[in-house]
Amino acid sequence: MLSRLTPAALLLLGTPLAFASEENSYALETIIVTATRTARTADETLVPVTVITRRDIERSQAQSVADLLSGQPGISVANNGGQGKATSVFLRGTNADHVLVLVDGVKIGSATTGTAAFQDIPTELIERIEIVRGPRSSLYGSEAIGGVIQIFTRKGGGSPQPAFSIGGGSHGTWQGSAALSGGAGSGGWYSLGLSAIDTDGFNACNGKPSPGGAGCFTNEPDKDGYRNLSGRLRAGWRFGNGTEAEVNWLRARGDNQYDGTTTNASESMQQVLGASLSFAPSTIWRASLRASQSQDDSDNFKDGVFKSRFNTRRDLFSWQNDIDLAKGQQLVAGVDWQDDHITSSTAYAVTSRSNTGVFAQYLAELGGHDVQLSARRDDNEQFGARTTGGAAWGYGLTPDLRLTASYSTAFKAPTFNQLYYPGFGNADLRPEQSRSLDVGINGKTGAGRWSLNLFETRVTDLIGFDASFTPVNIDSARIRGIEAVAATRFMDWDLRGNLTLLDPENQAAGANHGNVLPRRARQSLSLSADRDFGRWSAGATLRGAGRRYDNLANTIELDGYATLDLRAEYRLDKDWRLQARVENLFDKDYETAYLFNQPGRGAYLTLRYQPR
């Protein structure tokens with residue numbers, strides 16, 4: 001199946017399975033909402049899902065969301081020079097703009113570029129992250145060709161609890177956070193927090209100026225710093241009749257320096273604002289309404305002089321109904337409305353567009369079989385109507401062994417840049433389309449769990465460029481892969497591992513036919529071990545990625561690499577903890593994007609207060 005995968009890489013496939021384990025550190029009873037848009041336990045979910053919990057975040061001592069996502073099954077990350085720099089996330093080999101990103105149920109991202117600013121979302125404000133691998137357009141609409149990543153901010157309840165952290169380390173980095181959460185009255189709850197980071201950074205790019213330019217197309221050997229100040233609020237009320245109301249707000253402001261010919265600094269702002277109401281019209285029917293807005297704003301400068309502004313606003317409304325049809329059978333149906341609007345110093349021919357999507361999903365437990373069927377119709381004022389669908393099946397061979405299979409179609413609407421950017425856009429572009437097949441088996445063995453998934457995605461009408469560098473629907477791709485995930489507990493050590501083998505082939509006609517899609521590592525591996533010794537704990541993570549190419553022609557090759565991170569924690573008392581982390585212990589020099597530097601060896605120390 002995977003013609004490009006070497007025998008050595010296939011041999012590695014057995015490594016995590018050899019210590020027989022589980023997919024994540026969360027229990028099978030953990031509730032997941034992203035995969036089906038309704039609450040399901042992990043063992044009821046028929047598509048591959050990874051959950052990064054708050055415990056995982058604090059244990060890893062990750063400095064950014066990119067750190068958290070790097071090394072997760074099916075994910076490749078490309079970063080343009082360190083903390084705060086542009087970060088692209090490739091899920092199962094699809095494009096970076098083929099990933100739908102949500103924050104507390106609100107779709108985020110830039111309508112001009114089509115991607116979300118992962119680099120500006122602080123880890124201290126996150127409760128958990130759910131990663132759904134595989135298409136979800138039949139539930140969410142455009143962009144979910146590779147999958148969905150949903151970030152949940154922290155919630156509250158119970159007696160008032162403050163939390164606090166402060167830390168620092170390499171590259172002149174300082175960061176801190178403060179939070180307060182608790183309950184209000186008999187049914188209310190709240191959680192609010194602040195987070196800040198300031199780093200001097202390092203030289204982001206060793207660019208090659210024109211002629212023959214590459215990377216950032218300039219040579220500016222200086223430190224490229226980053227500052228971020230963020231705040232968030234979530235609050236809700238549970239009424240006696242089962243009605244629940246919630247509001248959520250997140251705002252992240254970043255000041256970023258980088259290397260570039262036309263701009264080399266930016267001021268960015270990401271904001272998410274939402275309100276939701278859920279209620280039960282009857283004992284078998286629960287309805288929810290959500291109104292929300294997300295913003296992605298960027299002002300760009302060259303040596304302190306203003307050059308451009310790209311602000312996008314997304315207004316959203318959703319009505320969803322969860323209806324119990326019979327024992328073990330449920331219908332989920334609703335309507336999504338979305339309106340994108342651009343305010344820019346660049347004159348776009350069209351500055352707004354709306355989309356209405358109608359969806360339905362049938363979930364059933366029929367004997368030993370689980371079935372999930374979904375369909376959605378999107379009507380967009382720019383490109384017309386598109387219909388997508390999905391079907392998934394699961395069967396328990398034994399109480400500890402389960403087979404799954406799914407087939408889905410998906411699409412991606414062209415961005416405003418691709419359609420209307422002056423002198424570049426093509427208003428006749430069609431949406432990119434895909435169809436995907438996934439077959440998996442997962443099981444439990446003793447103290448652990450494991451899973452193995454094989455998948456194939458074919459994408460047509462991919463947006464590429466003609467001879468005049470105008471975007472056109474000319475490309476296609478076939479992506480095949482294997483994901484093996486495992487974890488267990490052995491001699492008081494928590495062991496986790498995953499291996500992804502990927503064959504992302506460009507099938508466009510012409511000179512690049514048969515080449516590997518750029519910036520995707522064809523092999524990626526993550527192994528981690530953690531142990532609690534009482535007052536203190538220790539752990540390590542080894543991440544490896546195979547070679548990748550940085551261009552469609554496959555003439556620029558980036559070497560494979562492996563990095564080792566060490567971490568330790570000492571509990572001063574039940575509420576205070578001192579954490580230490582060394583990343584890239586052996587100071588490996590590597591790139592995930594051509595000529596853009598990555599951090600070398602770094603050491604960080606954090607003091608954390610969290611009532612237990």
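Model, not experiment: these values are computed from the prediction.
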Output, in order, the C-alpha distance, side-chain angles, deciding distance and verdict of salt bridge (Lys or Arg N to Asp or Glu O under 4.0 Å) for R577 and D575. CA-CA 7 Å; R577 291 174 289 160; D575 298 331; over 6 Å; no

Evaluation steps, salt bridge (Lys or Arg N to Asp or Glu O under 4.0 Å), between R55 and E127: CA-CA 9 Å; R55 180 184 175 187; E127 180 65 28; over 6 Å; no

Apply side chain to side chain contact (heavy atoms under 4.5 Å, CB included) to the pair Q330 and T38, showing each step before the final yes or no. CA-CA 10 Å; Q330 186 180 42; T38 189; 3.9 Å; yes

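Side chain of E381 to main chain of S354: a donor-acceptor pair is present (N/O by atom type, distance under 3.5 Å, no hydrogens or angles). Looking only at distances, a side-chain donor or acceptor of Q61 sits under 3.5 Å from a matching main-chain atom of A580. A side-chain donor-acceptor contact under 3.5 Å links T199 to the backbone of G201. Although no hydrogens or angles enter the test, the distance criterion places no donor-acceptor pair under 3.5 Å between the side chain of N355 and the main chain of D378.
The shortest side-chain heavy-atom distance between V77 and I75 falls under the 4.5 Å cut-off. At least one side-chain heavy atom of L250 sits under 4.5 Å from a side-chain heavy atom of L125. Annotation: side chain of L68 is in contact with side chain of I57 (closest heavy-atom distance under 4.5 Å). You'll find the side chain of Y604 stays beyond 4.5 Å of the side chain of Q175, heavy atoms only. No side-chain heavy atom of K412 sits less than 4.5 Å from a side-chain heavy atom of T94. Taking the side chain as every heavy atom from C-beta outward, L102 and V148 approach each other to under 4.5 Å. Contact of the T34 side chain with the F152 side chain is registered, since non-hydrogen atoms from C-beta on lie closer than 4.5 Å. Looking only at side-chain heavy atoms (C-beta outward), Q295 and Q270 stay at 4.5 Å or farther from each other.
T356 and D379 share no side-chain donor-acceptor pair at under 3.5 Å. Side-chain contact annotation: T87 with N79, donor-acceptor N/O pair under 3.5 Å present. Between S537 and R567, the side chains place no donor N or O within less than 3.5 Å of an acceptor N or O (distance only, hydrogens not considered). Using modelled atom types, one finds no donor on one side chain facing an acceptor on the other under 3.5 Å when comparing K85 with Q119. Counted by atom type alone, S294 and D296 present zero donor-acceptor pairs between their side chains at under 3.5 Å. Side-chain contact of E569 with Q579: a donor-acceptor pair under 3.5 Å is present, judged by distance alone. Side-chain contact annotation: R37 with Q320, donor-acceptor N/O pair under 3.5 Å present. Looking at S70 and D67, their side chains never bring a donor and an acceptor atom within 3.5 Å of each other. With no hydrogens or angles considered, no side-chain donor-acceptor pair links S406 and D438 at under 3.5 Å. Between the side chains of T115 and D97, no donor-acceptor pair of N or O atoms lies under 3.5 Å. Side chains of T112 and S110: a donor on one and an acceptor on the other come within 3.5 Å. Between the side chains of S177 and S195, no donor N or O sits under 3.5 Å from an acceptor N or O. A donor-acceptor contact under 3.5 angstrom links the side chains of Q293 and D315, judged on distance only.
Comment: R489 engages D494 in a salt bridge, judged by a side-chain N to carboxylate O separation of less than 4.0 angstrom. Under a 4.0 Å N-O distance rule, the pair R54/E124 qualifies as a salt bridge. Contact check on D104 versus R234 returns a salt bridge, with a Lys/Arg side-chain nitrogen under 4.0 Å from an Asp/Glu carboxylate oxygen. R496 and D530 are joined by a salt bridge, as a carboxylate oxygen and a charged side-chain nitrogen come within less than 4.0 angstrom of each other. We find that D532 and R571 are joined by a salt bridge, their nearest charged nitrogen and carboxylate oxygen being less than 4.0 Å apart. Salt bridge present: D340 and R314 bring a charged side-chain N and a carboxylate O closer than 4.0 Å.
Aromatic ring orientation, W576 versus Y609: tilted (interplanar angle from 30° to 60°). Note on ring orientation: taking the six-membered ring where Trp is involved, the planes of W237 and F239 are tilted (angle from 30° to 60°).
To the nearest 0.5 Å, atoms CG (L316) and CD1 (I108) are separated by 11.5 Å. A distance of 8.5 Å separates OG of S165 from CG of L607, quoted to the nearest 0.5 Å. The structure places CZ of R309 at 9.0 Å from OG of S344, a figure rounded to the nearest 0.5 Å. Remark: D339 CG to F317 CZ distance equals 14.0 Å, nearest 0.5 Å.
When the ring pair (Phe, Tyr, Trp, His ring centres under 6.0 Å) test is applied to Y362, no partner is found at least two apart in sequence or on another chain. In this structure W174 satisfies the ring pair (Phe, Tyr, Trp, His ring centres under 6.0 Å) test with no other residue, sequence neighbours excluded.
Counting non-hydrogen atoms of other residues, nucleotides and ligands closer than 6.0 Å to CH2 of W319 gives a total of 12 or fewer.
Nearest approach of N453 to T404, heavy atoms of both residues: ND2-OG1, 4.4 Å. Summarising the geometry of S64 relative to T123, their closest heavy-atom pair is C-CG2, 3.4 Å, with the distance given to 0.1 Å. Scanning all heavy atoms of the two residues, the minimum distance from G254 to D120 falls at CA-OD1, 4.5 Å. The shortest heavy-atom contact between A163 and Q610 is CB-OE1, 3.3 Å. Shown here for D492 and R531, the closest heavy-atom pair between the two residues is O-CG, 3.2 Å. Between S138 and R376, the closest heavy-atom pair is O-CB, 3.2 Å.
Pairs passing the salt bridge (charged side-chain N to carboxylate O under 4.0 Å, His left out) check and including a residue from residues 363-374, sequence neighbours excluded, read D370-R402.
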